[in-house]
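What you are looking at is a predicted structure, and each value in this text was computed from that prediction instead of being measured. Values below: all heavy atoms of this structure, side chains included; hydrogens, waters and symmetry mates excluded. In what follows, chains carry the letters A, B, and so on, assigned in the order in which the sequence lines appear, proteins first and then strands, with residues in each chain numbered from 1.
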2 protein chains.
Amino acid sequence: MRSIGKKIELLRSIAHPARIKILDELAKGVKCVSDFEEFLEISQPNVSQHLSLLRRHGVIDFYVDGRLKCYFLVDPMIPELLSVLNTDHASELPAPACCPVTRKGKYPGERKRKQKTSVE
Amino acid sequence: MRSIGKKIELLRSIAHPARIKILDELAKGVKCVSDFEEFLEISQPNVSQHLSLLRRHGVIDFYVDGRLKCYFLVDPMIPELLSVLNTDHASELPAPACCPVTRKGKYPGERKRKQKTSVE
DNA sequence: TAATAATATTTGCATATATTAATACAAAGG
DNA sequence: CCTTTGTATTAATATATGCAAATATTATTA
């Protein structure tokens, strides 16, 4: 399995509005730099910076085609992650039924669930 | 579907070694603060900070049980994301077969794929 | 070979995030 | 009440990230 460090590296690569849009596009197919420049509304150097970050982190790569650099996905986790992120989830997870506190022994006996007191 | 902003918020919440460990644990069941203190090797205040961040971002919540606060997952995307992250993916995605450049018209004619020249 | 097109790199600054230490608070239990 | 236990908040500082502007690089076309 991928190390914690690698997972964090991947997540941080994705966790940016420009980059997640880039990846959503690349999930559909190869694109070159100026393609992104058009539909993201950021400068060319900035597009390049994001692409180069994604490449440094092993998420994407490119091949050269004349003057163009054609970027594509290489990390097989990306399409799956994007697909989860793009899924509609109906509702919150159910709250835990009881109170399975793990610090055994210290606070024994019955513990009924109390009000979910706000702490703001 | 969740907005870009919300996706980024979620990803950034997850993208930290302590927090992803916290979430991996919570995916197994309810835990209180001092449970984390043990198996993460960070101070109690730091654990609290991470938990409170996750709560602010709507990823987890807690109920009070005597002296303890029992934390649990609320965002239904989390278990799925963790499961993808914890999956072994055999290999890289296949490189694109040809060169489907989208900037039509500007560079017409045949474009053969060139060497994937390293740019380090 | 000069000009242009496409992309990349560097630098500096602003903002955001992380870590640590000190302190505060709140609920139980005596 | 007074103490202990469990958790939270604040403040100070360090580190990382993001962006814009200027400049560089590389391949193609004239």
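Contact annotation: R12(A) reaches the phosphate of dT17(D) (side-chain N/O to OP1 or OP2, under 4.0 Å). For Y71(A), no side-chain nitrogen or oxygen approaches OP1 or OP2 of dA6(C) to under 4.0 Å. Taking only side-chain nitrogens and oxygens, K69(B) never comes nearer than 4.0 Å to OP1 or OP2 of dG6(D). Distances shorter than 4.0 Å separate none of the side-chain N or O atoms of H50(A) from OP1 or OP2 on dG18(D). Distances shown here put a side-chain N or O of S34(B) below 4.0 Å from the OP1 or OP2 atom of dT7(D).
Between L51(A) atom CG and dT9(C) atom P there is a gap of 11 Å when expressed in whole angstrom units. Rounded to an integer number of Å, the gap from CD of E37(A) to P of dA6(C) is 9 Å. Atom P of nucleotide dT7(C) and atom CG of D65(A) are separated by 10 Å, given to the nearest angstrom. The OH-P distance, from Y63(A) to dA27(D), rounds to 17 Å in whole Å. Counting to the nearest Å, the C1' atom of dC25(C) and the CG atom of L68(B) are 16 Å from each other. If you measure from atom NZ of K31(A) to atom P of dT7(C), you get 13 Å, rounded to the nearest angstrom. Taking atom CZ of residue F62(B) and atom P of nucleotide dA27(C), one finds them 11 Å apart after rounding to whole Å. Atom pair R56(B):CZ and dA18(C):C1' shows a separation of 13 Å (rounding to whole Å applied).
Residues that satisfy the side chain to side chain donor-acceptor pair (under 3.5 Å) test with D24(A), not counting sequence neighbours, are N86(A).
Comparing dT7(C), dG6(D), dT29(D) by their nearest atom to the side chain of S48(A) picks out dT7(C). Distances were taken from every side-chain heavy atom of R67(A) (C-beta onward) to each of dT29(D), dG29(C), dA8(C); the shortest belongs to dT29(D).
Proximity of residues 13-22 of chain A to DNA chain D (heavy atom under 4.0 angstrom from any strand atom) is restricted to H16(A), R19(A).
Residue L85(A) comes nearest to K7(B) through the heavy atom pair O-CE, 3.6 Å, listed as atom of the first residue, atom of the second, then distance. Taking each heavy atom of V30(B) and Y63(B) in turn, the nearest pair found is CG1-OH, 3.8 Å. Shortest non-hydrogen contact noted between L73(A) and L23(A) is CD2-CD2, 3.6 Å. Across all non-hydrogen atoms, the minimal contact from A27(B) to L82(B) is CB-CD1, 4.1 Å.
For the pair S34(A) (side chain) and E37(A) (backbone), a donor-acceptor distance under 3.5 Å is absent. R19(B) contributes no side-chain N or O that, together with a main-chain N or O of I14(B), makes up a donor-acceptor pair within less than 3.5 Å. The backbone N or O of A18(B) lies less than 3.5 Å from a partner atom in the side chain of H16(B), making a donor-acceptor pair.
Residues D75(A) and R2(A) are paired through a salt bridge, judged by an N-O separation under 4.0 Å between the basic side chain and the carboxylate.
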At under 4.0 Å between heavy atoms, how does the protein contact nucleotides 20-25 of chain D? Give one character per nucleotide, 5' to 3', with B, S or -. BBB---
